[in-house]
Amino acid sequence: MDANLPPLRAVIYLRQMTHVAECAAHADRHGYDTVDTVHDPDGVLLQELLNRAMLGELDVIVTWDYAGLPRNTVPRVELVEQSR
């Protein structure tokens, strides 16, 4: 990342509160500023996160897997499990 640019703002999005540490470590490795961790067991908060991303309030959604995410997710979504 360019040292002159601010870090990307990331939100960790999890349907279950497992793999929080792995997702946080992924964000740290990439130099992201983790601004929130969202636990969404019912999957009802994802649209709010997508709206925040579209408004420029966050840059990256980090999650463990694709469970509960629509296939046409617009913002950048990174899977920690598959990046190892």
Side-chain angles (χ1 to χ4, degrees):
M1 175 179 284
D2 187 332
N4 297 321
L5 296 176
L8 295 177
R9 296 156 300 166
V11 170
I12 296 172
Y13 174 83
L14 297 167
R15 298 286 301 270
Q16 298 176 14
M17 286 304 286
T18 55
H19 306 294
V20 176
E22 294 93 333
C23 291
H26 175 85
D28 287 344
R29 274 193 308 276
H30 290 283
Y32 301 152
D33 177 18
T34 301
V35 296
D36 202 359
T37 298
V38 175
H39 177 221
D40 187 19
D42 298 322
V44 298
L45 300 176
L46 180 60
Q47 187 59 53
E48 179 183 329
L49 285 180
L50 297 174
N51 290 342
R52 287 176 60 191
M54 296 304 293
L55 291 170
E57 296 175 8
L58 63 101
D59 304 301
V60 181
I61 297 172
V62 176
T63 191
W64 182 253
D65 60 29
Y66 280 119
L69 295 178
R71 294 188 185 274
N72 62 348
T73 303
V74 176
R76 181 175 171 180
V77 175
E78 297 183 3
L79 296 179
V80 175
E81 180 186 31
Q82 294 180 2
S83 69
R84 292 194 255 164

Self-check item: Inter- and intrachain pairs under side-chain hydrogen bond (donor to acceptor under 3.5 Å, both in side chains), touching residues 34-50, at least two apart
Solution: Y13-D40, Q47-N51

Quiz item: How far does CZ of R9 sit from CG of D33, to the nearest 0.5 angstrom?
Solution: 8.5 Å

Quiz item: Sequence neighbours excluded, which residues qualify as salt bridge (Lys or Arg N to Asp or Glu O under 4.0 Å) partners of E57?
Solution: R52

Exercise. Please step through side chain to side chain contact (heavy atoms under 4.5 Å, CB included) for the pair L50 and I61, ending with a clear verdict.
Key: CA-CA 9 Å; L50 297 174; I61 297 172; 4.0 Å; yes

Practice problem: State, to 0.1 Å, how close L14 and T18 come at their nearest heavy-atom pair, and which atoms those are. | Solution: CD1-O, 3.5 Å

Quiz item: Which heavy-atom pair separates P7 from G31 by the least distance, and what is that distance?
Solution: CB-O, 3.2 Å

Self-check item: Interatomic spacing from NE2 in H19 to CD1 in I12 - rounded to 0.5 Å
Solution: 13.0 Å

Quiz item: Can V44 be reached from V11 by stepping across I, L, V, M, F, W or Y side chains whose heavy atoms are under 4.5 Å apart?
Solution: yes

Exercise. Write out all pairs satisfying salt bridge (charged side-chain N to carboxylate O under 4.0 Å, His left out) with one or both partners inside residues 16-25, taking only residues at least two apart or from two chains.
Key: none

Practice problem: Describe, in one word, how the ring planes of H30 and H26 are oriented to each other, choosing from parallel (under 30°), tilted (30 to 60°) and perpendicular (over 60°). | Solution: tilted

Quiz item: Do L55 and V60 belong together in a cluster built from hydrophobic side chains that touch within less than 4.5 Å?
Solution: no

Exercise. Apply side chain to side chain contact (heavy atoms under 4.5 Å, CB included) to D28 and list each qualifying residue two or more places apart in sequence or on a separate chain.
Key: none

